[in-house]
Amino acid sequence: MKDLHGPRYSSYLLDCASHSCRIRSSLKRGTMIESRTHNSCLVLGWLVIFSCARPVTCNRLHLITTTSALSSASSANVIAPAYLIALEDMREKYPHLFDNNTITVTPVDVGLYTESCTPGFEGPSIDEFVRAYALATVRRSTEQIVILNAEDDSLVISCGTRSTALGGRYPTMMTVISGTISDAGMSLVALLDHVMWRSITFIYDQNSGSIDAGRIQGHAMSLLKALQERSSDIDLSIVRMDSTVGKKSQTYYMALQRAANHSRIILCETLHRPLRELMASAYDLGMTVGNEYVFIYVYLFQIPSEPPPEWHENDQLDEKVKAVFRHTLVIRTAEPKWEKSDGIMERIVRRGSDMFNRTYQAQYKFNEFAVGCYGSVELLISTLNNTYLAGGSAKLKSPADFLRDLKNRTFNLTFESYAFLPDGTRAPNIILQRFDASSARFQEVAVFALNTPSILGNLSPEQIWPTQLPPDRPHCGIHGERCTATPLSVGTIAICASLTAVITISSSILCLR
């Protein structure tokens, strides 16, 4: 192996992370110094390597696309074709960048076997990645092996859900996804503040028997963190249940009854199917009678196995779920305009079917991770074409230069617009939805302006709730314990008045005697 102590190289890493897994791999002096996995599933991202050493400026770019595994919504059979289709489209749109080898590409797809997402098999997948990555960099380097680590000037562009703050890499890390679970937690607290709900119950479905247990746990921890940071003025109760263990109906009934004993505002963290069953159980318990309960559901990204909240599935639960959805608010990232992406997503899904011998299914087109990865390629290539690689006087000296060009700008891309904040991070786009009775669908009622002092602005209670907004707790408490006595009925008042009159008359007669 050649000497690894030469000049450093500027580099990009575009990381496409998944619900269930995350890895960071670096080569330093020929060894991998860091790797992180979650829920035993490995998914790698994008590497973009400049083929000249710092501090010399250059305008050639080498991309190494990396993906792995076959079992999740952001594994190789989804993301690899998304990158390929995006690169094909960018090559057609900017032929001068590719025809002159200004941009070259090496795909690295690893862990393409069934066991790659099971405990004990992360090591072979990581080793496979390190070997493939090192080979790709050797092929593109004329003098030395390219070294990537946290100390070098590398840029991470994520089309997954990892918060840039958690990565600790800014200003060399950014995300193109329009919101994280942390943003959703901030939005939840902002909603509670706006309507002055001071208590909430959190039903956390552990889903221990599901492959998505890690994702649900991650969501739950982020939401809990947002609520617990306000423990001084928001009274939180956590109700844990497990929809994969025991008798489901009993599990749901007990969780709902415990939740109702603390607050009328109930936050539910679970998957689509258990959510429908939980809502049907709430109907059975009479929680839709009157206007007492509010259910809140947080939903971030649409993937084939996890659609948005839907009541109509042609089963015996439909009407019950529909009734409870009338008492439900949804916090989520803005809904994708699937009609705009249909043609490209069709190509991505069919390419993936051909590449990985996968049966074509139209539902695979509804995958926000594939959309995000396509958008990350388009953002990078179009921006570099307009600035550093266009033959002008500006040359890209470091990846941080790229981030500086994003600040306070909006980019109109194929699927959606990407708006960036003054710090170079993408502005979150979290919305509030309520169920519309006429269309029988959840519809947007507000956007959470998380980067402003007044997050929900002048949003009125009538816009949030079709009738009078329920209090988080009744005036007399959950069980009437806050009132000194039970209010008297009209009949009781009449009887008491009659008795008082009789006693008064009797007393008068005695006095006359």
Take Asp193 and Arg230 through the test salt bridge (Lys or Arg N to Asp or Glu O under 4.0 Å) and record every step on the way to the result.
CA-CA 10 Å; Asp193 287 341; Arg230 291 288 302 277; 2.7 Å; yes
Please step through salt bridge (Lys or Arg N to Asp or Glu O under 4.0 Å) for the pair Lys320 and Glu277, ending with a clear verdict.
CA-CA 9 Å; Lys320 293 182 179 181; Glu277 295 167 346; over 6 Å; no
Relative to each other, are the rings of Phe442 and Phe435 parallel, tilted or perpendicular (30° and 60° limits)?
perpendicular
Side-chain touch Thr359/Ser353, heavy atoms, less than 4.5 angstrom
no
Do Ile216 and Leu271 make a side-chain contact, defined as non-hydrogen atoms from C-beta onward lying under 4.5 Å apart?
yes
For residues 448-461, which side-chain N or O atoms pair as donor and acceptor with protein atoms under 3.5 Å away, sequence neighbours left out?
from: Thr452; atom 1: OG1; to: Ala449; atom 2: O; distance (Å): 2.7
from: Thr452; atom 1: OG1; to: Ser454; atom 2: O; distance (Å): 3.3
from: Ser454; atom 1: OG; to: Gly457; atom 2: N; distance (Å): 3.2
from: Ser460; atom 1: OG; to: Glu462; atom 2: OE1; distance (Å): 3.4
from: Ser460; atom 1: OG; to: Gln463; atom 2: N; distance (Å): 3.3
from: Ser460; atom 1: OG; to: Gln463; atom 2: OE1; distance (Å): 3.2

Shortest non-hydrogen contact between Ala220 and Phe202, atoms and distance
O-CE2, 3.8 Å
Is His262 close to Arg473 at the side-chain level, that is, under 4.5 Å between some pair of heavy atoms?
yes
Ser208: side chain to side chain donor-acceptor pair (under 3.5 Å) partners, not counting sequence neighbours:
Asp242, Thr244
Are any side-chain N or O atoms of Ser263 and backbone N or O atoms of Ala259, one a donor and one an acceptor, separated by less than 3.5 Å?
no
I need the Tyr252 OH to Asp284 CG distance, nearest 0.5 Å.
12.5 Å
Please confirm whether the backbone N or O of Asp235 pairs with a side-chain atom of Ser199, one donor and one acceptor, at under 3.5 Å?
no
When every non-hydrogen atom of Pro309 is compared with those of Leu275, the smallest separation belongs to CB-CD2, 4.5 Å
Gln250 atom CD, neighbour heavy-atom count above 12 within 6.0 Å
no
Please answer whether the main-chain N or O of Leu380 pairs with a side-chain N or O of Thr383 as donor and acceptor at a distance below 3.5 Å.
no
Given side chains that start at C-beta, do those of Gln433 and Val445 come closer than 4.5 Å, heavy atoms only?
no
Minimum heavy-atom separation for Gly372 and Tyr418, please, with both atom names.
O-OH, 4.2 Å
If you count heavy atoms of other groups shown closer than 6.0 angstrom to CE of Met254, is the number above 12?
no
Side chain to side chain donor-acceptor pair (under 3.5 Å) with Ser417: of Asn429, Thr410, Asn412, only one passes, and it is Asn412
Check whether Asp318 reaches the backbone of Glu313 with its side chain - one donor and one acceptor, N or O, closer than 3.5 Å.
yes
Side-chain touch Lys407/Pro422, heavy atoms, less than 4.5 angstrom:
no
pair Arg434-Ile464: side-chain heavy atoms closer than 4.5 Å
no
Nearest-0.5 Å distance that lies between atom CG in Leu227 and atom CD1 in Ile234:
6.0 Å
Side chains of residues 289-300: which donor-acceptor pairs under 3.5 Å do they make with residues two or more places apart or in other chains?
from: Asn291; atom 1: OD1; to: Trp465; atom 2: NE1; distance (Å): 2.9
from: Asn291; atom 1: ND2; to: Thr467; atom 2: OG1; distance (Å): 3.2
from: Asn291; atom 1: ND2; to: Gln468; atom 2: O; distance (Å): 2.5
from: Tyr293; atom 1: OH; to: Arg264; atom 2: NH1; distance (Å): 2.8
from: Tyr297; atom 1: OH; to: Thr270; atom 2: O; distance (Å): 3.3
from: Tyr299; atom 1: OH; to: Glu306; atom 2: O; distance (Å): 2.7

Are His312 and Lys322 close enough, and set up right, to give a side chain to side chain contact (heavy atoms under 4.5 Å, CB included), and what steps lead you there?
CA-CA 8 Å; His312 189 263; Lys322 182 180 180 181; over 6 Å; no
Minimum heavy-atom distance between Gln361 and Val349, given as atom pair plus value
O-CG1, 3.9 Å
Modelled atom types, side-chain donor and acceptor of Gln302 and Trp338, under 3.5 Å:
yes
Which atoms form the tightest heavy-atom contact between Leu406 and Phe420, and what is the distance?
O-CB, 3.0 Å
Surrounding CZ of Arg198 (heavy atoms of other residues, nucleotides or ligands, distance under 6.0 Å), is the total greater than 12?
yes
Taking only residues two or more places apart in sequence, or in another chain, which ones meet Asp315 in a side chain to side chain donor-acceptor pair (under 3.5 Å)?
Arg273, Arg276
After noting the C-alpha distance and the side-chain angles of Arg426 and Glu416, does the key distance pass the salt bridge (Lys or Arg N to Asp or Glu O under 4.0 Å) rule?
CA-CA 13 Å; Arg426 188 178 176 190; Glu416 58 181 325; 3.2 Å; yes
In this structure, are over 12 heavy atoms from other groups packed under 6.0 Å from Tyr283 atom OH?
no
Roughly how far apart are Glu269 CD and Arg240 CZ, rounded to 0.5 Å?
12.5 Å
Is the closest side-chain heavy-atom distance between Met287 and Val324 below 4.5 Å?
no
State whether the number of non-hydrogen atoms from other residues, nucleotides or ligands found under 6.0 Å of Lys337 atom NZ is greater than 12.
no
Sequence neighbours left out, what passes side chain to side chain donor-acceptor pair (under 3.5 Å) with Lys93? Give chain and number order.
none
Evaluate the side-chain proximity of Ile430 to Ile331: yes if any heavy-atom separation is below 4.5 Å, no if none is.
yes
One should read off an interatomic distance between Leu278 CG and Tyr253 OH, to the nearest 0.5 angstrom, of 10.5 Å
Check: Asp183 side chain, Thr180 main-chain N or O, donor-acceptor pair, under 3.5 Å
yes
Report the residues that fulfil salt bridge (Lys or Arg N to Asp or Glu O under 4.0 Å) with Arg347, sequence neighbours left out, ordered by chain and then residue number.
Glu88, Asp89
If you draw a 6.0 Å radius around CD in Glu92, do more than 12 non-hydrogen atoms from other residues or ligands fall strictly inside?
no
Could you check Thr414 against Lys340 for side chain to side chain contact (heavy atoms under 4.5 Å, CB included), going step by step and ending with a plain yes or no?
CA-CA 8 Å; Thr414 299; Lys340 292 182 63 176; over 6 Å; no
Between NZ on residue Lys365 and CG on residue Asn367, distance to nearest 0.5 Å
13.0 Å
Rounded to the nearest 0.5 Å, what separates atom CG in Leu256 from atom CD1 in Ile266?
6.0 Å
How far apart are the closest heavy atoms of Ala370 and Met345, and which atoms are they?
CB-CE, 3.8 Å
Under 3.5 Å donor-acceptor, Trp197 side chain and Pro470 backbone:
yes
Test log, rule side chain to side chain donor-acceptor pair (under 3.5 Å), inputs Asp205 and Ser243
CA-CA 6 Å; Asp205 183 4; Ser243 61; 2.6 Å; yes
State, without any angle test, whether Gln443 and Ser439 hold a side-chain donor-acceptor pair at a distance under 3.5 Å.
yes
